[in-house]
Number of protein chains: 2
Amino acid sequence: MARTDSTRPSEARTRLLNTALRVFYAEGIHSVGIDRIVAEAQVTRATLYRHFLSKEELVVAYLNEVDAAMRAQASAAAERGNSPADTLRGLGEAIAAGIRSPEFRGCAFLNAAAEYPDPGHPVHQTVLAHRQWFHDTVQSLFTELGTSSAEPAARHFVMLRDGAMAAGCLSDAALVCETFLRGVDGLLRVHG
Amino acid sequence: MARTDSTRPSEARTRLLNTALRVFYAEGIHSVGIDRIVAEAQVTRATLYRHFLSKEELVVAYLNEVDAAMRAQASAAAERGNSPADTLRGLGEAIAAGIRSPEFRGCAFLNAAAEYPDPGHPVHQTVLAHRQWFHDTVQSLFTELGTSSAEPAARHFVMLRDGAMAAGCLSDAALVCETFLRGVDGLLRVHG
DNA sequence: CCAAAAAGAGACCGAACGTTCTACCTCTTC
DNA sequence: GAAGAGGTAGAACGTTCGGTCTCTTTTTGG
């Protein structure tokens with residue numbers, strides 16, 4: 001009973017976030033009511049609203065969770081790769097691995113943007129912020145690579161990724177990954 | 001029964017469909033209730049439910065409307081272009097023109113799929129059917145073009161399109177179009 | 001040991017959801 | 001001029017939505 005270790009993040013909050021991550025990603029945001037989330041997280045409404053001011057805030061927290069995971073993924077690729085080209089290839093492989101996983105249901109951010117088209121909405125802004133980070137990260141890698149046109153290359157890379165993520169759950173994932181990785185290879189061949 | 005079948009497009013039905021097209025595309029599907037649609041179409045609920053069995057059916061009809069428009073777009077490109085390469089370039093230009101238009105809010109089908117992730121759902125199936133048609137159309141053009149790898153080329157083309165359509169309303173449309181058209185050009189250079 | 005915070009349980013709110021209903025009107029077409 | 005389809009009008013259905021409330025129990029820290 002004297003468990004004084006990690007009580008800070010609040011167990012109920014963690015359960016809430018994990019449930020939101022799983023359910024929002026799998027079924028969409030507007031399709032899922034807070035009743036579902038509260039029930040599956042085994043938490044009462046009052047607890048949810050003690051940790052988050054609104055459903056909207058929970059959605060933003062969910063996206064931030066995904067964002068953190070992708071930043072970790074990018075960092076891991078950067079540590080593994082011993083050159084910018086290697087890192088970009090590794091990033092591509094990591095993306096492909098995600099697409100191939102059975103739970104894959106597209107890009108959480110593209111899906112969220114489809115549900116929150118209003119550019120001023122906090123959820124939409126969260127999507128834009130994530131995408132800005134991703135583009136900047138990729139562009140830095142192309143710059144390190146020494147190409148004269150890092151920005152167009154980065155935009156091309158991101159476009160391929162967006163297409164792959166969007167189509168990954170609407171057609172054969174293996175074929176999508178093959179096409180994507182081939183495209184990344186071509187990009188690296190041109191700019192390397 | 002059904003004697004004046006083809007003579008009456010029904011004005012109310014047209015208004016309903018046009019309103020659905022505009023509002024669903026601009027604001028998302030789950031975000032818009034039928035109250036909004038009947039109000040903006042200046043039609044009563046009873047009229048809506050005389051023409052469509054449910055909201056779901058209206059959504060499918062909306063997507064079929066968009067599908068018809070894209071098929072017309074593809075046909076127009078085919079008639080204008082005097083070679084398969086020309087047609088593909090024209091198709092790319094038409095897509096870019098759509099992205100550049102101020103009302104652009106992404107791909108209606110990708111957006112719908114984000115809101116209806118269940119593969120068995122009629123709306124999702126409608127999305128899949130449209131995508132199958134598009135892929136087949138592009139693949140035919142690459143085959144006519146005489147390339148040895150029409151299918152991978154078509155998948156690459158579709159992936160670029162998906163990426164461009166997804167990103168078109170999340171970052172600078174002009175830059176997205178430039179990247180997309182450059183990608184299409186590269187694809188045609190390789191396979192032509 | 002005791003106070004405060006966190007969590008649980010669940011009633012409750014007004015609004016919006018998709019859907020159905022009855023009743024009346026206005027056209028064609030036979 | 002009767003029939004019937006399509007349209008209008010608007011109330012109403014039961015459900016679910018996001019969100020708030022009170023009250024009690026458990027956990028935790030000084």
Side-chain angles (χ1 to χ4, degrees), chain A residues 1-21 23-24 26-63 112 115-118 121-124 126, chain B residues 1-20 23-24 26-63 112 115-116 118 121-124 126:
Chain A
M1 46 178 65
R3 196 114 49 95
T4 57
D5 42 2
S6 58
T7 52
R8 276 260 280 189
S10 168
E11 208 174 294
R13 186 178 217 274
T14 308
R15 249 179 299 147
L16 237 9
L17 261 177
N18 286 342
T19 305
L21 180 62
V23 180
F24 281 153
E27 302 180 30
I29 299 170
H30 288 317
S31 303
V32 176
I34 53 153
D35 285 7
R36 265 288 300 286
I37 288 175
V38 159
E40 293 204 21
Q42 301 192 90
V43 157
T44 58
R45 275 186 204 70
T47 303
L48 193 166
Y49 283 98
R50 188 171 296 117
H51 290 284
F52 305 95
L53 278 90
S54 62
K55 181 188 183 182
E56 178 185 305
E57 207 182 90
L58 179 63
V59 174
V60 171
Y62 145 63
L63 290 177
E115 297 205 55
Y116 292 87
D118 177 7
H121 195 285
V123 172
H124 194 100
T126 304
Chain B
M1 60 189 294
R3 47 169 184 256
T4 55
D5 212 2
S6 56
T7 57
R8 299 238 185 108
S10 172
E11 207 176 296
R13 186 179 217 275
T14 308
R15 250 179 299 149
L16 237 9
L17 224 38
N18 286 343
T19 305
V23 179
F24 281 153
E27 302 180 32
I29 299 170
H30 288 318
S31 304
V32 177
I34 52 152
D35 286 7
R36 265 289 300 286
I37 288 176
V38 296
E40 293 205 21
Q42 301 191 91
V43 156
T44 59
R45 281 179 198 69
T47 303
L48 194 167
Y49 283 98
R50 186 170 295 114
H51 289 285
F52 305 95
L53 277 91
S54 63
K55 181 188 182 181
E56 178 184 305
E57 206 181 90
L58 179 64
V59 174
V60 170
Y62 144 63
L63 289 178
E115 296 205 58
Y116 293 88
D118 178 6
H121 195 286
V123 172
H124 194 101
T126 305

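In what follows, chains are A, B, ... by sequence order, proteins preceding strands, each numbered from 1.
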Run the side chain to side chain donor-acceptor pair (under 3.5 Å) test against [X] and tell me which residues pass, sequence neighbours left out.
X: B:Asp35; result: B:Arg45
X: A:Arg36; result: A:Glu27, A:Glu40
X: B:Ser31; result: A:His30

Nucleotide [N], atom [atom2] - distance to [atom1] of [X] in whole Å:
X: A:Leu48; N: D:dG19; atom1: CG; atom2: P; answer: 9 Å
X: B:Phe52; N: C:dT20; atom1: CZ; atom2: C1'; answer: 18 Å
X: B:Arg13; N: D:dT8; atom1: CZ; atom2: P; answer: 14 Å
X: B:Glu11; N: C:dC27; atom1: CD; atom2: C1'; answer: 13 Å
X: A:Glu56; N: D:dG18; atom1: CD; atom2: P; answer: 12 Å

Which one, [options], comes nearest to the side chain of [X]?
X: B:Arg50; options: D:dT22, D:dG6, C:dG18; answer: D:dG6
X: B:His51; options: D:dT22, D:dT8, D:dG7; answer: D:dG7
X: A:Tyr49; options: D:dT20, D:dT8, C:dG18; answer: D:dT20

Going by number, which of residues 27-45 of chain A have a non-hydrogen atom under 4.0 Å from DNA chain C?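 A:Gln42, A:Val43, A:Thr44, in order of number.
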Using every non-hydrogen atom in the two residues, find where A:Phe52 and A:Ala61 come nearest and quote the distance to one decimal.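 It is CE2-CB, 3.7 Å.
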List for me each residue that meets ring-ring contact (aromatic ring centres under 6.0 Å, His included) alongside B:His121, sequence neighbours excluded, and say none if there are none. B:Tyr116
When you check the phosphate oxygens OP1 and OP2 of C:dG8, does a side-chain N or O of A:Thr47 lie under 4.0 Å from one of them?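 Result: yes.
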Pairwise salt bridge (Lys or Arg N to Asp or Glu O under 4.0 Å) hits with a residue in residues 53-63 of chain B, at least two apart: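 Pairs touching residues 53-63 of chain B that pass the test: none.
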